[in-house]
Amino acid sequence: MPLHLAITPGGDTPIYRQIADGVRRAILAGKVAPGDPLPSVRALAEELVVNPNTVMRAFADLAREGLVDAQAGRGFFIAERRQPYSRAERERRLRAAVETFVNAIAFLDFKPAEVLSPLRERLEEAEAQQTPGKKDAS
Amino acid sequence: MSGKGNEGPAIAIRGLTKYYGGQKVVDQLHLEIPRGCIFGFLGRNGAGKTTTIRMLMGIVEPTRGTAEVLGHDCTRWTPELRERVGYLAEGHHVYGWMSVAECGRFQAGFYRRWNWDIFHAVIGHFNLKEKQRAGGLSRGQRAGLCLALTLAPEPELLVLDDPALGLDPVARRSLLEAMLYVTRQDDRTILFSSHLLSDVERVADRIAVMDRGVLRAYCTIDDFRARVRQFILRFKERPPAPPELPGLVHSFRTDREMALTIVNASDADRAVMSGLRPEAIEEVDLGLEEAFVSYVGERGEKSFFLHDLGGKK
């Protein structure tokens with residue numbers, strides 16, 4: 001299974017969100033491709049030792065965001081990339097994420113220019129990983 | 001009666017109250033536990049969890065109120081009902097002079113239905129040998145034996161009183177795996193009490209929080225976390241005194257910040273916070289443990305309810 005998920009209970013992030021984030025990361029890193037199946041709810045719940053409803057909630061969130069498709073009786077599959085959000089909503093989410101980022105680095109005393117260069121590098125790296133055909137077999 | 005045709009909640013508690021002498025240990029408890037769920041029963045030591053469970057199991061007589069277990073009055077247990085309910089008492093008690101296999105044969109004698117495959121699977125899961133003397137087992141192994149004895153009759157309802165008490169992390173994981181395994185069948189229900197909130201977060205569908213004999217919350221874990229929230233107010237100068245808010249359970253001030261933990265924060269509460277004219281207000285997600293400690297810690301003196309009786313679908 002190319003999808004390896006791990007969770008840490010007792011943290012600030014609810015378990016269902018940790019599971020959904022894990023799948024998002026796997027998609028972004030190209031570890032899974034459109035059409036790949038997610039593990040079954042039951043199997044993943046047993047592997048992670050969590051309530052199946054928690055896994056179900058994570059998968060349902062991903063389906064709502066258009067990242068996975070639910071196929072009746074067959075389970076969940078990684079969806080073709082599509083953008084479910086409107087331009088305005090995407091911008092709202094971007095601003096929220098920027099706010100979080102800026103708060104996280106506020107007291108590190110970097111000048112804006114010093115922040116931009118590692119940020120640009122990381123964004124380009126992420127973009128390269130997202131390009132089809134670059135799927136990593138490892 | 002197989003109970004398959006039984007509708008209604010696995011456990012329905014109405015106004016259950018218990019006095020020991022003049023002391024009220026459980027106060028007017030109302031609670032419904034739907035079938036098919038894993039229900040986490042939380043509260044500090046002495047909150048009344050074990051007394052509640054013992055009343056449900058027909059071991060302690062309620063002072064007032066009623067409760068039904070699988071539709072039966074909890075003060076009139078029958079052998080048929082005992083077969084359908086698995087009860088793991090606090091402390092993992094075993095007959096020390098018996099071997100593991102003898103414990104199994106002894107317990108099996110009380111039941112018409114006894115699944116040896118389950119018994120052997122569970123003792124194998126906890127690395128127990130049949131010839132081991134029960135008295136010589138470690139705490140985790142004893143828990144495994146007790147669990148095997150409780151699961152073998154394939155009960156519809158499992159009631160586990162602090163099953164993780166004294167277990168090491170590996171045994172705890174085995175316990176959680178066993179609990180999830182049992183509820184693979186949709187009509188199986190588990191009620192368990194615990195202090196290990198990360199375990200509860202892993203497996204529970206819903207939680208109830210008891211505090212000093214009173215039910216103070218009854219909802220899903222996500223609801224609990226969503227409703228017990230922390231607000232960090234940042235100030236240019238020393239923060240003012242914490243505001244009087246009905247849902248304030250915890251406050252903490254530093255040089256420039258005031259952290260307020262608020263239950264069911266309303267728009268009015270937010271307006272009061274803005275009225276203190278902080279530079280910024282940040283809303284923070286609390287982990288289950290943080291939320292719980294704020295909620296039932298010593299400062300949470302005021303009594304209010306996270307009551308959500310829409311639990312039944």
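Salt-bridge annotation for A:Glu46 and A:Arg42: absent, with no side-chain N of the basic residue lying under 4.0 Å from a carboxylate O of the acidic one. Using a 4.0 Å cut-off between charged side-chain N and carboxylate O, B:Arg202 and B:Asp199 make no salt bridge. In this structure, B:Glu32 does not pair ionically with B:Arg206, as no charged nitrogen and carboxylate oxygen lie closer than 4.0 Å.
Using a 4.5 Å cut-off between heavy atoms, B:Glu201 contacts chain A through both its backbone and its side chain. In this structure, no portion of B:Ala280 lies under 4.5 Å from any heavy atom of chain A.
Residues of residues 68-77 of chain A lying within less than 4.5 angstrom of chain B, judged on heavy atoms, are absent.
Options B:Glu177, B:Arg173, B:Arg184 differ in how many heavy-atom pairs under 4.5 Å they form with chain A, and the most are formed by B:Arg184. Counting heavy-atom pairs under 4.5 Å between each of B:Asp285, B:Leu180, B:Ile221, B:Leu176 and chain A puts B:Leu180 at the top. Chosen from A:Asp12, A:Ile7, A:Thr13, the residue pairing most often with chain B at heavy-atom distances under 4.5 Å is A:Asp12. Your options are B:Leu288, B:Leu196, B:Val200, B:Asp222, and the one with the most heavy-atom pairs under 4.5 Å with chain A is B:Asp222.
Panel note: side chain B:Arg188, backbone B:Gly36; no donor-acceptor pair is recorded below 3.5 Å. Judged by distance alone, with hydrogens and angles left aside, the side-chain atoms of B:Tyr295 form a donor-acceptor pair with the main-chain N or O of B:Arg216 at under 3.5 Å.
Side-chain contact annotation: B:Ser193 with B:Asp161, donor-acceptor N/O pair under 3.5 Å present.
Going from atom CG of A:Leu123 over to atom CD of A:Glu127 covers 8.5 Å, rounded to the nearest 0.5 Å.
For residues 96-105 of chain A, there are no side chain to side chain donor-acceptor pair (under 3.5 Å) pairs, not counting sequence neighbours.
Within 6.0 Å of the CD atom in B:Glu279, the count of heavy atoms belonging to other residues, nucleotides or ligands exceeds 12.
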